[in-house]
Protein chains: 2
Amino acid sequence: MAVAGKSKKDVLLEFRTTEILDAARHVFAEKGFNDATIDQIAALAGVAKGTVYLYFESKRDLFLAALREGVLALHAEVAAQLLTAPTCEAKLRAFIAARFHYFSRNRDFFRIYYTEFSHLPTGAANARPEFKDLYEEQATLLETVLADGIQLGQLRPCSVARTARLIYDLIRSALAQHILTDDPESPDLPINSVFDFVWNGIGTK
Amino acid sequence: MAVAGKSKKDVLLEFRTTEILDAARHVFAEKGFNDATIDQIAALAGVAKGTVYLYFESKRDLFLAALREGVLALHAEVAAQLLTAPTCEAKLRAFIAARFHYFSRNRDFFRIYYTEFSHLPTGAANARPEFKDLYEEQATLLETVLADGIQLGQLRPCSVARTARLIYDLIRSALAQHILTDDPESPDLPINSVFDFVWNGIGTK
DNA sequence: CAGCCGACTGACCGGGCGGTCAATTGAGAT
DNA sequence: ATCTCAATTGACCGCCCGGTCAGTCGGCTG
């Protein structure tokens, strides 16, 4: 049948694509963008170098594809978790927890996400405007939660944009501590620490 | 006199060194380590490429020297400010303010500091153990402030190491927003925002 | 079985840049 | 004026790696 015929080709294509993307994520995570080579990625994926270029335009394109795929999955998961949280406090906690859980399962991805994200604000020549949008999307999600909370009097008034960015980066920082120190510990402790820090600050009353 | 003779040579040496370090900082800040070239740095410093190698062993060595110089100056300034602060609350505020003021005056340096710092926790092949120490030193400073505050009952108990790291990264994040968006605005507003966030959290009460 | 076609291969190319070093310069010393 | 030598120069070298493409392979079709 037509469907099966098409699907057969697609399955192979998707298999190769996944294979290469996984290899890319691993090598990029290990070496960083500049020190990773296409040869290493191809070898890990079990294909020849030329094959990589049948599936991706360039090294940068491959990197961005690996990043994009991960970011989209992350955002989908976070958004889904937010929907199930009733209160503003629960939403904030869900936002933190969802990110911790996702990245605990995708450590290689966290590495490239973390460093790439750090490059963004420098606005260097290697600026990736297409990713500004992906990140903005999440920041906006958090801003909405904050704005609602302030509206309902559950949060102290503050600059929503500024605060959202602070919380966002705070979570990244805590994630780095948790993920990058091959710490197999459950993520529940850091999740609670971060939430408590954000919600209550460090001062007494 | 001997002093003058020696000093004459030293003055030239120091002049060239400074010249090259400033140029390096600017180019590295603009392009990042990999995309910066020694030729660009030499041109900006007004010397030939070979001259750079009379003063620094390698590209990496030059980069580290530029970074180290800035970090040492920063740390000296922060430590000095901390001494003048009587209470734990004042010390925390001084810690934040000193960093904002230093980096406002050294924007090129902030760029390389920021990105280099982001690479550290990834522990990639390009790990720079010598810098772990420089950073640790500051984290320890902050930990001492926190430990004292808890001791005196001015802070809620918490994991000192973990919290110090969170605050440290929070400041970096806020600095990035302030410095990297050619925002000429006075640093006082973000300083207060960060302090308030750290001290009180976002929740009501 | 023959012939076709698209997926895959990997030797090769070219450019870019870190690093070198023989040649040059010029400021004192004699 | 001439010598000396340290500081400086910039043409040059060689490596590395992203990207290419002529050739191979294997499965499907008639």
Side-chain angles (χ1 to χ4, degrees), chain A residues 1-28 30-67 112 124-126 128, chain B residues 1-21 23-24 26-28 30-67 112 124-126 128:
Chain A
M1 42 188 169
V3 173
K6 189 180 179 189
S7 130
K8 189 170 181 181
K9 199 173 284 181
D10 285 356
V11 163
L12 181 64
L13 189 132
E14 193 184 317
F15 174 75
R16 283 261 186 271
T17 304
T18 305
E19 195 96 333
I20 294 172
L21 279 179
D22 281 347
R25 240 172 327 246
H26 192 256
V27 175
F28 281 136
E30 199 89 2
K31 309 279 184 86
F33 179 78
N34 278 287
D35 292 340
T37 68
I38 297 291
D39 279 310
Q40 291 164 348
I41 294 170
L44 185 59
V47 299
K49 191 205 278 206
T51 305
V52 173
Y53 285 92
L54 295 177
Y55 289 83
F56 300 92
E57 292 246 314
S58 65
K59 186 183 185 185
R60 164 119 266 134
D61 181 51
L62 172 55
F63 180 77
L64 294 182
L67 193 51
I112 65 176
N126 51 350
R128 268 72 79 175
Chain B
M1 43 188 170
V3 174
K6 188 181 178 188
S7 132
K8 190 168 179 183
K9 200 174 282 181
D10 285 358
V11 162
L12 181 64
L13 189 132
E14 193 185 318
F15 174 75
R16 283 258 187 275
T17 305
T18 306
E19 196 95 331
I20 294 172
L21 279 179
H26 192 256
V27 175
F28 282 135
E30 199 88 3
K31 310 280 183 82
F33 180 78
N34 277 286
D35 292 341
T37 68
I38 297 291
D39 278 309
Q40 291 164 349
I41 294 169
L44 185 60
V47 298
K49 190 205 278 203
T51 304
V52 173
Y53 284 92
L54 295 177
Y55 290 83
F56 300 93
E57 292 246 314
S58 64
K59 185 184 185 184
R60 163 120 267 133
D61 180 51
L62 173 56
F63 179 78
L64 294 183
L67 193 51
I112 64 177
N126 52 348
R128 268 72 80 175

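As a basis for the values below, the full set of heavy atoms in this structure was taken, side chains included, without hydrogen atoms, waters or symmetry mates. None of these values were measured; they are calculated from a predicted model. Residue numbers start from 1 in every chain, and the chains themselves are labelled A, B, ... in the order their sequence lines are given, proteins ahead of strands.
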Could you please name the option among [options] that lies closest to any side-chain atom of [X]?
{"X": "B/Val47", "options": "C/dG19, D/dG18, D/dT9", "answer": "D/dT9"}
{"X": "B/Leu54", "options": "C/dC8, D/dT8, C/dG19", "answer": "D/dT8"}
{"X": "B/Ala48", "options": "C/dT9, D/dG18, D/dT9", "answer": "D/dT9"}
{"X": "A/Thr37", "options": "C/dG18, C/dC8, D/dC17", "answer": "D/dC17"}
{"X": "B/Arg16", "options": "C/dT9, D/dT8, D/dT9", "answer": "D/dT8"}
{"X": "B/Ile38", "options": "C/dC8, C/dG10, C/dG18", "answer": "C/dG18"}
{"X": "B/Thr51", "options": "D/dC17, D/dT9, C/dG19", "answer": "D/dT9"}

Just the rounded figure in Å: distance from [atom2] of [N] to [atom1] of [X].
{"X": "A/Asp39", "N": "D/dC15", "atom1": "CG", "atom2": "C1'", "value": "14 Å"}
{"X": "A/Tyr53", "N": "C/dA11", "atom1": "OH", "atom2": "C1'", "value": "15 Å"}
{"X": "B/Gln40", "N": "C/dC17", "atom1": "CD", "atom2": "C1'", "value": "10 Å"}

A/Lys31 side chain to A/Thr37 main-chain N or O, any donor-acceptor pair under 3.5 Å?
-> no
So what does B/Lys59 touch, heavy atoms closer than 4.0 Å: a base, only the sugar-phosphate, or nothing?
-> sugar-phosphate
What is the nucleic acid contact for A/Ala36, judged by heavy atoms within less than 4.0 Å: base, sugar-phosphate only, or nothing?
-> sugar-phosphate
With under 30° as parallel and over 60° as perpendicular, where do the rings of A/Phe33 and A/Phe28 fit, or are they tilted in between?
-> parallel
Report yes if a side-chain nitrogen or oxygen of A/Tyr55 is closer than 4.0 Å to either non-bridging phosphate oxygen (OP1 or OP2) of C/dC8; otherwise report no.
-> yes
